[in-house]
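Sequence positions, counted from 1, serve as the residue numbers for this chain.
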Amino acid sequence: AEQSSGGGSRLAALQLKLFQRSSGQRQQLSPPQRVRWDLAHARALAAAGEQPQAAQRLKQLASASPQSASVQKAYAEVLMDGEDAASWHQAQAQWRRILARAKPQGLLWYEAKYAIALGYFKLGKKAEAAARIEYLQATSGLQKTPLRSQFLALLARCR
């Protein structure tokens, strides 16, 4: 929240005002457009520092849109941005659901693997996070993923 002070928080506040003003028109949108609208609104809430409210909206959206990878991922990301262990545990569970449906060794699969390791790190389980990253290094072609530097940076923080 510290980082988003200034321009970022003003922009987020402006976005929220626009969502409030346009909420009457939401019902005129097609179902796919409504999902995109709700997703953008939840992201604006998160950007404005309203993490609990954003997580609640995304939880509803995620259960209503189980096939939408972007909705499922946004929910997991907002949970991981939470400030307590309960939120991080929920984030890991959400990322595991995403992982189960992701194409093995695809970008989303690596994002889920990274986020699960990050959850362990945030929960103070650095050895578990490191073990997961080291296992990936040994087995899955971690060298080829665009997330390689993120994995290695997290691994360094675990040691």
Write down the atom of E83, the atom of W88, and the distance for their closest heavy-atom approach. C-CZ2, 3.9 Å
Nearest 0.5 angstrom please: R36 CZ to S30 OG, how far? 6.5 Å
Is there a chain of hydrophobic side chains (I, L, V, M, F, W, Y, each step under 4.5 Å between heavy atoms) that links V71 to L79? yes
One should read off an interatomic distance between W109 CH2 and L147 CG, to the nearest 0.5 angstrom, of 11.0 Å
State the CG-CZ distance between L136 and F151, to the nearest 0.5 angstrom. 5.0 Å
Considering only heavy atoms from C-beta outward, does the side chain of H41 approach that of L16 to under 4.5 Å? yes
Is it the case that Q90 and S87 place a side-chain donor and acceptor less than 3.5 Å from each other? no
Going from CG on L99 to CD on Q92, what distance comes out if it is rounded to the nearest 0.5 angstrom? 11.5 Å
Of the non-hydrogen atoms in S63 and P66, which two are nearest, and what is the gap between them? O-CD, 3.7 Å
Minimal non-hydrogen separation, Y75 against A55, with atom names: CE1-O, 3.4 Å
Do L155 and Q137 have side chains that approach each other closer than 4.5 Å (heavy atoms only, starting at C-beta)? yes
Can you check whether E111 reaches K73 side chain to side chain, under 4.5 Å on heavy atoms? yes
Nearest 0.5 Å please: distance from the CZ atom of R148 over to the CD atom of Q143. 4.5 Å
Looking only at heavy atoms, the pair that brings A44 and F19 closest together is CB-CE1, 3.9 Å
Answer yes or no: is there a side-chain heavy-atom contact under 4.5 Å between Y110 and P146? no
Show the atom names and distances, to 0.1 Å, of all donor-acceptor pairs under 3.5 Å that link a side chain in residues 113-126 to residues at least two apart or in another chain.
| unit_1 | atom_1 | unit_2 | atom_2 | d |
| --- | --- | --- | --- | --- |
| Y120 | OH | R96 | NH2 | 3.0 |
| Y120 | OH | R132 | NH2 | 3.3 |
| K122 | NZ | M80 | O | 2.6 |

Please evaluate residues K103 and L108 with respect to the criterion side chain to side chain contact (heavy atoms under 4.5 Å, CB included), reporting the C-alpha separation (whole Å), side-chain torsions for both, the decisive distance (0.1 Å), and the verdict. CA-CA 7 Å; K103 179 179 159 250; L108 185 60; over 6 Å; no
Hydrophobic cluster membership, with links at side-chain heavy-atom distances under 4.5 Å among I/L/V/M/F/W/Y: are I98 and I133 in one? yes
Under a single-linkage definition using a 4.5 Å side-chain heavy-atom cutoff for Ile, Leu, Val, Met, Phe, Trp and Tyr, are L154 and Y135 assigned to the same hydrophobic cluster? no
Distance-minimising heavy-atom pair for A54 and A46: CB-N, 3.7 Å
Can any side-chain N or O of R34 pair as donor or acceptor with the backbone N or O of L29 at less than 3.5 Å? yes
When clusters are formed by joining ILVMFWY residues with side-chain heavy atoms under 4.5 Å apart, either directly or through shared neighbours, do V78 and V35 land in the same one? yes
Gap separating the CD atom of Q105 from the NZ atom of K144, nearest 0.5 angstrom: 7.0 Å
Within-4.5 Å side-chain heavy-atom neighbours: L58 and L39: yes
Carefully, step by step, assess Q72 and R97 under the rule side-chain hydrogen bond (donor to acceptor under 3.5 Å, both in side chains). CA-CA 9 Å; Q72 300 302 320; R97 285 190 284 276; 5.4 Å; no
